[in-house]
Amino acid sequence: MTLRSSGEAVAKPASSGLRWLLDQRVLLSIAVLALLPWLLPSKALAVNVLIYGVVVMGYNLLFGYTGLLSFGQAAFFGAGAYFTGIAIGRYGIPWFAAVPIAVLLSTCLAAAIGIVSTRTRGIYFSMVTLALAQLVYYVALQAASFTGGENGLRGFTVDRISLFGLQVNFLDPVNKYYLLMAFAALAMWFQSRILNSPFGAVIEAIRENEQRARACGYDVERSKLVVFMLSGAISSLGGCMLALHLSIVPLDILHYQTSGMIVMMVLLGGARSFFGPFVGAASFLILEDVISLWTPHWQIFVGAIFVLFVLFLPKGIWGTLLDALGIGKARR
């Protein structure tokens, strides 16, 4: 830290080497994810980290970078999965067309929810997103002819994927991981472009001081709606990945407990950090995987660990590490 003449503390700029690392964050993130199947106990766990990392990344755009605490992110996660499964299983649409269709429809859902919820602020915003997400849950529960109701959506399978004339066995865990990682890489590139754009500066200005951003001439309401839609689109891509991975869509994916889990993941990894969502997803899922071997009440222990993180590591694992390296202020 340095001091201005007025006595105000200012963070030192990151060194050129660290600045280069930040500029190459997408490539470095992809490199780390490419090693993940060989670092975790199972390929299935690595796939889950990949999927939930994308979902949490979308939520981090809304919560970490814009400062909007939503309790309804499961609606978009589940919508992406359901739309993908319905497109493939009910209408026979190929997977490569089903995924963009599902993301587009989920973005439309995010727009509809965002138009209502972004008119509110603070805890009212959180409660409205929770209520509307639960409405989506009950619609899926009642529309059993399309969604399968309590039994979830079944009856679709993607076992082989054609790439440039080659038939790839999608049921092979390694093939599945790296094919799904391509979606994660696309999502990371897309979010990086958002954050490095003028719009990225606008949403951070809204997070820091919404009234001042409005006084500067920014259309705060429209910006919040746009970022809400972008967040929903990215999280829905994680839902598409889950549908392709499991070949079923459980109803619980839309439940408010899933939204709470997403919030926990982003806080464990570090809100407002680019790679933090994947660190948070890995931390949560590994804790669940290990502790559940000892006791069926693993949620108690994970909840206690989460409370300790909130109290003593409020910036999460990745955010704390970046601060220790002296690049916390430049991690956007």
Side-chain angles (χ1 to χ4, degrees), residues 29 32-33 35-60 63-64 70-78 80-81 130 133 137 152 173-174 176-177 180-181 183-184 187 234-235 237-271 273 275-321:
S29 298
V32 173
L33 291 180
L35 299 175
L36 201 59
W38 316 108
L39 300 176
L40 295 181
S42 68
K43 306 294 188 299
L45 179 59
V47 170
N48 285 332
V49 170
L50 197 65
I51 292 170
Y52 280 96
V54 172
V55 177
V56 177
M57 185 171 61
Y59 181 69
N60 191 34
F63 172 62
S70 168
F71 291 142
Q73 203 70 11
F76 315 122
F77 182 26
L130 174 61
Y137 171 85
V174 176
K176 177 181 290 187
Y177 180 86
L180 292 179
M181 196 183 80
F183 290 110
I234 295 173
S235 290
L237 180 61
C240 299
M241 295 164 63
L242 181 74
L244 296 176
H245 168 48
L246 295 179
S247 296
I248 62 170
V249 181
L251 180 63
D252 289 348
I253 193 176
L254 290 169
H255 200 266
Y256 67 85
Q257 291 180 347
T258 303
S259 293
M261 182 175 66
I262 293 170
V263 175
M264 291 180 66
M265 287 179 176
V266 76
L267 291 175
L268 283 174
S273 59
F275 195 65
F278 291 95
V279 175
S283 302
F284 184 94
L285 294 174
I286 291 172
L287 286 172
E288 176 187 355
D289 193 55
V290 172
I291 299 176
S292 63
L293 296 176
W294 301 340
T295 173
H297 307 294
W298 60 268
Q299 295 97 330
I300 297 175
F301 297 94
V302 173
I305 293 172
F306 175 73
V307 170
L308 293 176
F309 266 82
V310 171
L311 292 175
F312 301 107
L313 290 176
K315 294 183 179 180
I317 299 172
W318 191 247
T320 301
L321 177 61

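All of these numbers come straight from a predicted model, not from anything done at the bench.
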Quiz item: Is any side-chain heavy atom of V263 less than 4.5 Å from a side-chain heavy atom of Y59?
Solution: yes
Exercise. Say whether, by atom type as modelled, one donor and one acceptor occur between the side chain of S235 and the main chain of Q73 under 3.5 angstrom.
Key: no
Practice problem: Please report the shortest heavy-atom distance between A184 and L50, naming the atom on each side. | Solution: CB-CD1, 3.8 Å
Exercise. Indicate yes or no: at least one non-hydrogen side-chain atom of L242 is less than 4.5 angstrom from one of V249.
Key: no
Self-check item: Distance in Å, K176 NZ paired with M181 CE, rounded so as to fall on 0.5 Å steps
Solution: 16.0 Å
Practice problem: Any chance you could measure Q299, atom CD, to L287, atom CG, to the nearest 0.5 Å? | Solution: 12.5 Å
Quiz prompt | Taking every non-hydrogen atom, the tightest pair across A74 and L254 | solution = O-CD2, 3.6 Å
Quiz item: For the atom pair CD1 (I253) and CZ (F77), what is the distance rounded to the nearest 0.5 Å?
Solution: 4.0 Å
Quiz item: Does the side chain of M57 come within less than 4.5 Å of I234's, by heavy atoms?
Solution: yes
Quiz item: Nearest heavy-atom pair of G80 and C240: which atoms, and what distance?
Solution: O-SG, 3.6 Å
Quiz item: How far apart are the closest heavy atoms of L237 and F183, and which atoms are they?
Solution: CD2-O, 3.6 Å
Practice problem: Output every pair passing side-chain hydrogen bond (donor to acceptor under 3.5 Å, both in side chains) with a member in residues 282-291, not counting sequence neighbours, ordered by first then second residue. | Solution: none
Quiz prompt | Closest non-hydrogen atom pair, A271 against N60 | solution = CA-OD1, 3.4 Å
Practice problem: Keeping to residues at least two apart or across chains, list the ring-ring contact (aromatic ring centres under 6.0 Å, His included) pairs with something in residues 276-308. | Solution: F275-F278
Quiz item: Taking all atoms of both residues into account, what is the closest heavy-atom pair of V55 and G239, and its distance?
Solution: CG2-N, 4.4 Å
Quiz item: In Å, rounded to the nearest 0.5 Å, how long is the span from CG of L313 to OG1 of T320?
Solution: 4.5 Å
Exercise. First locate atom CE of M264, then atom OG of S259, and finally report the distance between them rounded to the nearest 0.5 Å.
Key: 13.0 Å
Quiz item: Rounded to the nearest 0.5 Å, how far does CD1 of I317 lie from OG of S273?
Solution: 10.0 Å
Quiz item: By side-chain contact (heavy atoms from CB on, under 4.5 Å), which residues pair with V174, not counting sequence neighbours?
Solution: W38, K43, D172, Y178
